[in-house]
Trainee: 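Below is one structure. I have some questions about it.
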Amino acid sequence: MATNGGNGTRATGPRCVALVGPFQSGKTTLLEAILARTGAIQRQGTIEAGNTVGDASKEARHHRMSVELTAATTNFMGDNYTFLDCPGSVEFVHDMRAVLPAIDVAVVVCEMDEKKVPQLQLILRELEDKKIPRILFVNKIDKGDSGVHDVLKLLQPASRTKLILRQIPTFSGDLISGFVDLALERAFVYKEHAASEVVPLEGDTADLEKTARFSMLETLADHDDELMEQLLEDIQPPRDKVFDDLTRELREGLVCPVLMGTATRANGVLRLMKALRHESPGIAETAKRLGVKAGSDAVAYVLKTLNTTHGGKMSIARVMSGLAGDGTTLLSGDDEAGRVAGVFKLVGQATEKRGPAAVGETVGFAKLDKAKTGDTLTAGKQAHPALAKVEPYPPVLAIAISAKERKDDVKLGQALNKLAEEDPSITIEHNPETHEVVLWGQGEMHLRVATERLSDRFGVAIERRQPSVGYRETIRKGVVQRGRHKKQSGGHGQYGDVMLDIKPLPRGGGFSFEEKITGGVVPRNYIPAVEEGVVDALAHGPLGFPVVDLSVALIDGSYHTVDSSDMAFRLAGRLGIVEALPQCQPVLLEPIHLVEIACPSEATAKINALMAGRRGQILGFDTREGWDGWDLVRAKMPEAEIGDLIVEIRSATAGAGTFTFKFDHMAELTGRTADQIIAARRAAE
Ligand SMILES: Nc1nc2c(ncn2[C@@H]2O[C@H](COP(=O)(O)OP(=O)(O)OP(=O)(O)O)[C@@H](O)[C@H]2O)c(=O)[nH]1
Ligand SMILES: [Mg+2]
């Protein structure tokens, strides 16, 4: 039975813990240390040697960073724990965001690095908003001058809830040699890849401990009046009470405890595991948070679904209610997701067949052909309401892709669908005008990894290009022009003759066609053909782009009883436009978007300069509502300049800045830039 609520009762049953945190803070290394310390693997691998359980895909090894979720299950003191190692790069953040609803607790791995604080703030906000209990793990404290004396001063600004220091470091010379646990009031020295050893708590360390413990208790007392009174009256609270408060306040998200360690040496890992064991909530609370209905049918949440190299599908899912085993047919919403063909224990890419998955367990379900990342799966006939819906961030960068070999076109289409199923933060767009397949994603690396997967995993070699900008052209002056198509080639001839009155329309006016024929000089039944001909010609104006914002009126013409036909009038209409447009002072139009950039205030000046350098027109900036220390910059900017804007925004904001854009209007573009675009278009044709 899972017990819940604070009061010293520890949650039981399988746990699901996410390792999250800023880029390169040591999450994958920490996972490795946890697996080694809990006996799931024999030896702790390293990122440098490329032999860790996490990051085992070819792409992750190659780039030396996490590019997808890794799940690994282990056992600690009789309990089953699944850790979800999430990528830290903002470009792969959807893999983290999608798992958060179903986890019991997040371990936020961070470093004492000022530059990574904005990113830490983003992650903590997300956890706070979703009410997910979280523990901060300050990693890499082995680094000389890690600044670990002042953890709270550096990190508290990133968290809206109070951080609560659980440990203080102890030193031998300049190097950290151990820690004092402020709840246990015990001192430890670190041993490499072994449990820390208890040492006497004495001298200066004992004094430091007293002060640090007092501030820990003070913070706890913010949410416990009894403790507050004890502190005011100088009464030592019983140790059990301190642990109860730590447990309850973590589970209720009132505080965020801070632990520390060195993942590479597995220091601090056992402390972390013990905190998870005793203090983190379990499936009972998590199911309650998600509103899982009590009942016997299995309900599971898909943390990530993957198309493996061997072509099979594996869905990493957590069972939130009931029991799901081999042969269970699962619904996703009202559709069938498939029939489970194998339940697997996962330790990264190593899989081991196992029996049915019970409530709280996180496993791999094989061959759920239609499952997508983020789906809620239900056994039985009645679908459980979706447990969570995590909307991906809108994409910010695009490339146009095509299969290197024509014969792979169909395969490419299928592979792209699979990619989007695994990773909803990728979208695919077919541009009907240019026939381009445009792959949208969250950044350069995200798109690069996507194309690598297309070739490594799905066997489709890809060519990539810059996607075309949606240029248009229009006219500045009107003209009346005749279009005449006449052919006498023995037998049946062809005859169509029209007079067109062409006029510019205001910006955004699009295209309109009107007929003003009197006396039947062009018979009614041919008029639609004339319009078709006009539309044909407008698809490709004299500058090479679709023509917009003009009106065309059919004002006169003539026909021949035998030789006229739809085709002849279509060609006449087309000819009229082709001959007219060059006389109408054609001009290029480029799309301008309204862009909104969110950035930490200290980067606002840089962002303004960056926008100005890209032909942006700054409309102003405001503080970002609900975001302390952030601004929102608004500007209008040509689509051509938005291309890789995200790359520069990120480099100006230590990766924390984001932007959104939406089409605003088309604007005339003349001069050198326009000439270059037109010349490039001609060359491409
Ligand atoms: N000195 C030191 N280096 C560490 C520690 N933990 C990890 N590293 C190094 O930090 C780098 C990043 O480690 P990873 O484990 O890949 O970090 P990560 O958070 O998983 O990275 P992403 O998933 O790409 O965000 C590697 O070079 C590790 O060897 C540590 O405790 N001390
Ligand atoms: Mg990693």
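One-based numbering, in listed order, for ligands and for the atoms of each.
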Trainee: Considering only non-hydrogen protein atoms, determine which one is nearest to atom 7 (C) of ligand 1 and report residue, atom name and distance to 0.1 Å.
Mentor: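 Here the closest protein heavy atom is T29 OG1, 3.5 Å.
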Trainee: Counting non-hydrogen protein atoms only, what is the nearest one to atom 17 (O) of ligand 1? Give residue, atom name and distance.
Mentor: G26 N, 3.0 Å
Trainee: From the options E361, R354, K353, select the one residue that forms a side-chain contact (heavy atoms from CB on, under 4.5 Å) with K345.
Mentor: R354
Trainee: Is the Y81 ring parallel, tilted or perpendicular to the F76 ring (thresholds 30°, 60°)?
Mentor: perpendicular
Trainee: Find all atoms of ligand 1 within a distance of less than 4.0 Å from any non-hydrogen atom belonging to F23, and give their numbers and elements.
Mentor: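 With F23 as reference, the close atoms of ligand 1 come out as 24 (O), 25 (O).
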Trainee: Can an N or O of G88 be found at a distance shorter than 3.5 Å from an N or O of ligand 1?
Mentor: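 Between G88 and ligand 1, an N or O pair is found under 3.5 Å apart.
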Trainee: So for ligand 1, is S25 a polar contact partner (N or O within less than 3.5 Å, distance only)?
Mentor: yes
Trainee: Which protein non-hydrogen atom lies closest to atom 16 (O) of ligand 1, naming both residue and atom, and how far is it?
Mentor: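 Its nearest protein heavy-atom neighbour is I47 CD1, 3.2 Å.
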Trainee: Would you give the angle at the Mg ion (ligand 2) between T28 atom OG1 and S66 atom OG, to the nearest 10°?
Mentor: 90°
Trainee: Short N/O distance, under 3.5 Å, between A263 and ligand 1?
Mentor: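 Yes.
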Trainee: Looking at atom 25 (O) of ligand 1, what's its closest protein heavy atom, distance included?
Mentor: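 Ranking protein heavy atoms by distance from atom 25 (O) of ligand 1, first comes Q24 N, 2.8 Å.
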Trainee: Can you spot which of K274, Q167, R271 makes a side chain to side chain donor-acceptor pair (under 3.5 Å) with D181?
Mentor: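 When side chain to side chain donor-acceptor pair (under 3.5 Å) is applied between D181 and each of K274, Q167, R271, only R271 qualifies.
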Trainee: Only heavy atoms count here, so choose which of E48, K27, Q119, K140 is nearest to atom 19 (O) of ligand 1.
Mentor: K27
Trainee: If we only consider heavy atoms of N139, is any one of them less than 4.0 Å away from an atom in ligand 1?
Mentor: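 Right, N139 reaches ligand 1.
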Trainee: Starting from atom 23 (O) of ligand 1, find the nearest protein heavy-atom neighbour and note its residue, name and distance.
Mentor: S66 OG, 2.8 Å
Trainee: Is there a polar contact, in the sense of an N or O pair closer than 3.5 Å, between K143 and ligand 1?
Mentor: no
Trainee: Among all protein heavy atoms, pick the one closest to atom 1 (N) of ligand 1 and tell me residue, atom and distance.
Mentor: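 Of the protein heavy atoms, D142 OD2, 3.0 Å lies nearest.
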Trainee: Starting from atom 30 (C) of ligand 1, find the nearest protein heavy-atom neighbour and note its residue, name and distance.
Mentor: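 Its nearest protein heavy-atom neighbour is T264 OG1, 3.3 Å.
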